[in-house]
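Mind looking over this structure? Questions follow.
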Amino acid sequence: MSGLLPGDPAATIGGEATPRALCVLAPNPSPMTLDGTNTWLLSEPGSELAVVVDPGPLDEGHLRRVVDAAESRGKRIALTLLTHGHHDHAEGAARFAELTGTEVRALDPDRRLGTEGLHGGQVLDIGGLELRVLATPGHTSDSLTFHLPADGAIVTGDTVLGRGTTMVAHPDGRLGDYLDSLRRLHTMAAEHGVRTVLPGHGPVLADALGAVDYYLAHRATRLAQVETAVEAGCRTAAEVVARVYADVDRTLWPAAELSVQAQLSYLEDHGLI
Ligand SMILES: [Zn+2]
């Protein structure tokens, strides 16, 4: 949702991203989903087990390609995880669980299949692959990020995208939570030497700290623009969008309006408007 590009727009999407992460791109491109949803297949080299993050939309061909990608590498999918409950990430989860016989774990109990939950602070071991779960609310209240320490990588869902910036899905998503999540991601990435972002949409990013800094700066710029728009007399979120997001493709304006509502609510909560 920005004309600025932190990623390399020429980067290819799909395929091996790190020694432990393979991207299978779903065929659901749109202005909101960029090239489509990135379904991540993660596995420890030499292990027979794999974990899938975000099966993606309910598209039988895509779900079967994910299974084939695992099987052709001699792997069995042992677990399915969700970064959050939006349809482009989670709609195919139930069918994927049926195809693979796996449980689906997510922060939101309504998105789970099976008995086990998922929450920040958990450390998962899938056939020797260590995944640390971080709560990163803001895009949605149920957004999680998965840290793959062995590859110095984070699987970010829609919290950090490979191109442009993401939306804060008001009222479930909250800007204050989102800024806190970005700051915690920054600290964590600096402390643990995280370099690679494996995003929910768009190309892999090689500079995690730079991407998070860019997002923080972008949010600060937008917030100042929204504050100025209100001071200039904009009364509704739609009026603010028309003024502040004039540079953005109009197909994204409905999403921008949710982000503006999140920003207006943040400014009100902080007594700034
Ligand atoms: Zn989303």
Side-chain angles (χ1 to χ4, degrees), residues 1-2 6-7 13 23-40 52-59 62-63 66 80-94 96 104-112 118-120 133-146 154-182 184-185 197-205 211-212 214-215 218-219 222 245 248-249 251-263 265:
M1 196 176 301
S2 162
I13 298 168
C23 175
V24 183
L25 178 64
N28 61 336
S30 76
M32 286 294 291
T33 59
L34 306 180
D35 313 81
T37 301
N38 294 334
T39 295
W40 291 102
V52 164
V53 179
D54 290 350
L58 182 52
D59 180 296
H62 171 66
L63 300 177
V66 178
T80 302
L81 305 176
L82 298 178
T83 58
H84 65 300
H86 278 165
H87 271 204
D88 53 325
H89 299 256
E91 185 192 35
F96 190 70
V104 178
R105 295 189 199 169
L107 182 67
D108 181 352
D110 292 342
R111 295 285 171 191
R112 292 175 194 159
L118 195 64
H119 55 79
V133 186
L134 305 164
T136 48
H139 168 69
T140 59
S141 61
D142 69 338
S143 287
L144 298 172
T145 292
F146 302 105
I154 44 177
V155 182
T156 53
D158 286 357
T159 298
V160 179
L161 302 181
R163 194 161 64 236
T165 56
T166 195
M167 67 178 287
V168 178
H170 178 85
D172 178 51
R174 298 185 58 83
L175 181 60
D177 290 346
Y178 186 59
L179 296 174
D180 287 345
S181 291
L182 289 176
R184 277 187 285 105
L185 270 182
V197 175
L198 308 173
H201 306 278
V204 170
L205 301 178
V212 172
Y214 167 80
Y215 271 55
H218 171 79
R219 290 266 62 103
R222 282 293 191 222
Y245 289 77
V248 168
D249 187 324
T251 58
L252 293 172
W253 280 20
E257 196 166 321
L258 294 182
S259 281
V260 164
Q261 283 169 352
Q263 291 174 87
S265 144

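Both ligands and their constituent atoms are indexed starting at 1 by order of listing. Just so you know, these numbers come straight off a predicted model, no measurement behind them.
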Specify which N/O/S atom of D158 comes nearest to the Zn ion (ligand 1), by atom name. OD2

Separation of T83 OG1 from H139 NE2 (nearest 0.5 Å): 7.5 Å

Would you check if the Zn ion (ligand 1) lies under 2.8 Å from any N, O or S atom of D88? no

Parallel, tilted or perpendicular for H84 and H86, by the 30°/60° rule? perpendicular

Less than 3.5 Å apart, any donor N or O on the side chain of N28 or T33 sitting next to an acceptor on the other? no

About how large, to 10 degrees, is the angle NE2 of H139, then the Zn ion (ligand 1), then NE2 of H84? 100°

Measuring from atom OG of S30 to atom CG of D88, what distance do you get when rounded to the nearest 0.5 angstrom? 7.5 Å

Please determine if the Zn ion (ligand 1) has an N/O/S atom from H89 lying under 2.8 Å away. no

Heavy-atom check, side chain of V66 versus side chain of F96, under 4.5 Å: yes

With carbon and hydrogen excluded and only N/O/S kept, which atom of H86 is nearest the Zn ion (ligand 1)? ND1

